[in-house]
Each structure stands twice: as structure tokens, then as C-alpha cells.
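Each remark here refers to the structure printed beneath this line.
FYI, the numbering just counts along the sequence from 1.
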Amino acid sequence: MGNSALKAHLETAQKTGVFQLTGKGLTEFPEDLQKLTSNLRTIDLSNNKIELLPPLIGKFSFLKSLVLNNNKLTVLPEELCKLKKLETLHLNGNHLRQLPAAFGQLSALKTLNLSGNQLRTVPTQLSGLRHLDVVDLSKNQIQNVPDTVGELQAIELNLNQNQISQISVQISHCPRLKVLRLEENCLELSMLPQSILSDSQISLLAVEGNLFEIKKLRELEGYDKYMERFTATKKKFA
């Protein structure tokens, strides 16, 4: 892509607060964007070949949405965690194995998409995020869900298509969790905490494609309580 094309994009972004450059084969984050650190509210660089996010990302202090789906990121810089206004972070289809230590400082974050990466566990840093609504960790390599999940504030947690065989009973203590997706994992029925059914806020539990028949779920203690929540929620949205 020529400089004139990039210049045109920069001029548009200065007016709109949105910089979008997708599917252009970019191998690095455009350095010229740093001229717009106070303008930009949205950056979308999806479907490129970006391997590294530079530390200057931390300077975009008004950024609300950062979309980097389908790139080649293996790590995220700590500087990313300075984005106090960031509400939406889409990182689907990269090669991330972990999140920066200070990730819990992204205090405005509402939506986090990390589908199709190489995470092996549910990142403990997520427990500090108070405004998180939706977390998508599907299609990773997660094998267990640790105790820290009990502090997660999310309303929806998607763990479909991982390798989960163990889940901490603490998941039933999540204060706002309504939707829990665990389809296509490695769960035995005995490894599914019954408190999810009997003693949680969860009103939609998706567990198809595990190591048990769905009809066996109905025999568990607490299933009636779960169905009450499920039906009440369904009526609300009908």
C-alpha cells in the first residue's frame, strides 16, 4: 500500500476518529498513527500480518475500540494496559499464549474476544475487570478453569471448543454470570459442578459435545432450579 493511500486514511481518521485498514497485508502497526493519539476512538487492523503491537499503543488514551482479529500476534505489550477508556478488544485468530500482567488495569473493558488463540487457562487478570460483560475464550487450548474464575464479573463466558476437563466449583459464585458456554470440551458429567445448576445465576448452560449425554444432565440435583432460571430468562426475552 502506497504512502498516498495511507495519508488519505489518516486524514479520514483525523475527522472521524476511526482508523480502519483491514486485509492489506500489513506486517507492522502503522507508525504514522501516533500523530493521531488524541483523535482516535477506534482502530481496526484486522486480517493483516502484524506480529508485534508497539509500545506506542499505550499513548492512544481516548481509544474505545481496538480490533486486531486474524493477525500474527504472539504477545501483547504491557503498554496496552494503559488504555483506561478501552471498552472493546477483539483479538480473535492470533497466536497469544497469555495476557500482560497488568491486563486488569483496563478498567473500562466490556467486551473481550480472544477466540482462536493458544491460551491454556482462563487468565487470572480478568477477575479484576469490573465492567466486563462478554468474554470469548473459545477455540483455545484451555484444560481447566481455575478458582479465580469465581471473581469474574462477566455476564457471558464462552469456553466452547477447548480441552476443558476440570472446572472450579467457584464458577457458581460469579455474581453476574448468566450465560456459560462449554460446548465441545472434554467434560465428564461428574466434573461439572452441580452448584452451577443449584446455586448460581447461570440461566443458559450450553454443554453439548462433551463426554456425556445431555439427557443425563436432567438427572442431576439442582436441574429443576436451573430450569426455573432458564425459563424465566426465556420469557423475559420472548
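- A distance-only check finds a donor-acceptor pair linking the side chain of Asn210 to the backbone of Leu182 [under 3.5 Å].
- The side-chain contact (heavy atoms from CB on, under 4.5 Å) check on Lys215 picks up Glu213, Arg218, with sequence neighbours excluded.
- Cluster membership check: Phe60 shares its hydrophobic cluster with Leu10, using side-chain heavy-atom separations under 4.5 Å among Ile, Leu, Val, Met, Phe, Trp and Tyr.
- The 12-atom threshold is not exceeded at CD of Glu221, counting heavy atoms of other residues, nucleotides or ligands nearer than 6.0 Å.
- Note that CG of Leu99 is 5.5 Å distant from CG of Leu114, once rounded to the nearest 0.5 Å.
- The two atoms that bring Thr37 and Lys59 nearest to each other are CB-O, 3.5 Å, heavy atoms only.
- Results of the side chain to side chain contact (heavy atoms under 4.5 Å, CB included) test with Ile167 over Val149, Leu180, Val145, Asn144 single out Val145 as the only residue that passes.
- Contact detail for Leu68 and Asn94: the closest heavy-atom pair is O-ND2, 3.0 Å.
- Pairs engaging residues 33-54 under the salt bridge (Lys or Arg N to Asp or Glu O under 4.0 Å) rule: Asp32-Lys35 [sequence neighbours left out].
- A search for ring-ring contact (aromatic ring centres under 6.0 Å, His included) contacts involving Phe212 returns nothing, not counting sequence neighbours.
- Between the side chain of Asn113 and the main chain of His90, no donor-acceptor pair closer than 3.5 Å is present.
- Between the NZ atom in Lys64 and the NZ atom in Lys85 there is a gap of 8.0 Å [rounded to 0.5 Å].
- Considering only heavy atoms from C-beta on, Leu152 comes within 4.5 Å of Leu157 through its side chain.
- Counting heavy atoms from C-beta on, the side chains of Leu205 and Leu197 come closer than 4.5 Å.
- Residues Asp136 and Glu156 have side chains not in contact (no heavy-atom distance under 4.5 Å, counting atoms from C-beta outward).
- The cluster map of Ile, Leu, Val, Met, Phe, Trp and Tyr, joined by side-chain heavy atoms under 4.5 Å apart, puts Leu52 and Leu33 in different clusters.
- Counting heavy atoms from C-beta outward, Leu63 and Phe19 have side chains that stay 4.5 Å or more apart.
- In this structure the side chain of Ser138 reaches within 4.5 angstrom of the side chain of Ser115, judged on heavy atoms.
- Judged purely by atom type and a 3.5 angstrom limit, Gln118 has no side-chain atom pairing as donor or acceptor with the backbone of Gln141.
- For the residue pair Asn140 and Gln163, the shortest heavy atom distance occurs at O-NE2, 4.4 Å.
- At least one donor-acceptor pair under 3.5 Å links the side chain of Asn48 to the backbone N or O of Lys24.
- At a threshold of 4.5 Å between side-chain heavy atoms, the hydrophobic network of Ile, Leu, Val, Met, Phe, Trp and Tyr places Ile202 and Tyr223 in one connected group.
- Here the shortest heavy-atom pairing between Asn185 and Leu159 reads ND2-O, 2.9 Å.
- The two residues Ala108 and Lys84 make their nearest non-hydrogen contact at CB-O, 3.3 Å.
- Looking at Asn117, its side chain does come within 3.5 Å of a backbone N or O of His95 through a donor-acceptor pair.
- Rounded to the nearest 0.5 Å, atoms CD (Glu184) and NZ (Lys139) are 9.0 Å apart.
- Across every non-hydrogen atom of Phe62 and Ser38, the tightest pair is CD1-O, 3.6 Å.
- Residues Cys186 and Ile164 have side chains not in contact (no heavy-atom distance under 4.5 Å, counting atoms from C-beta outward).
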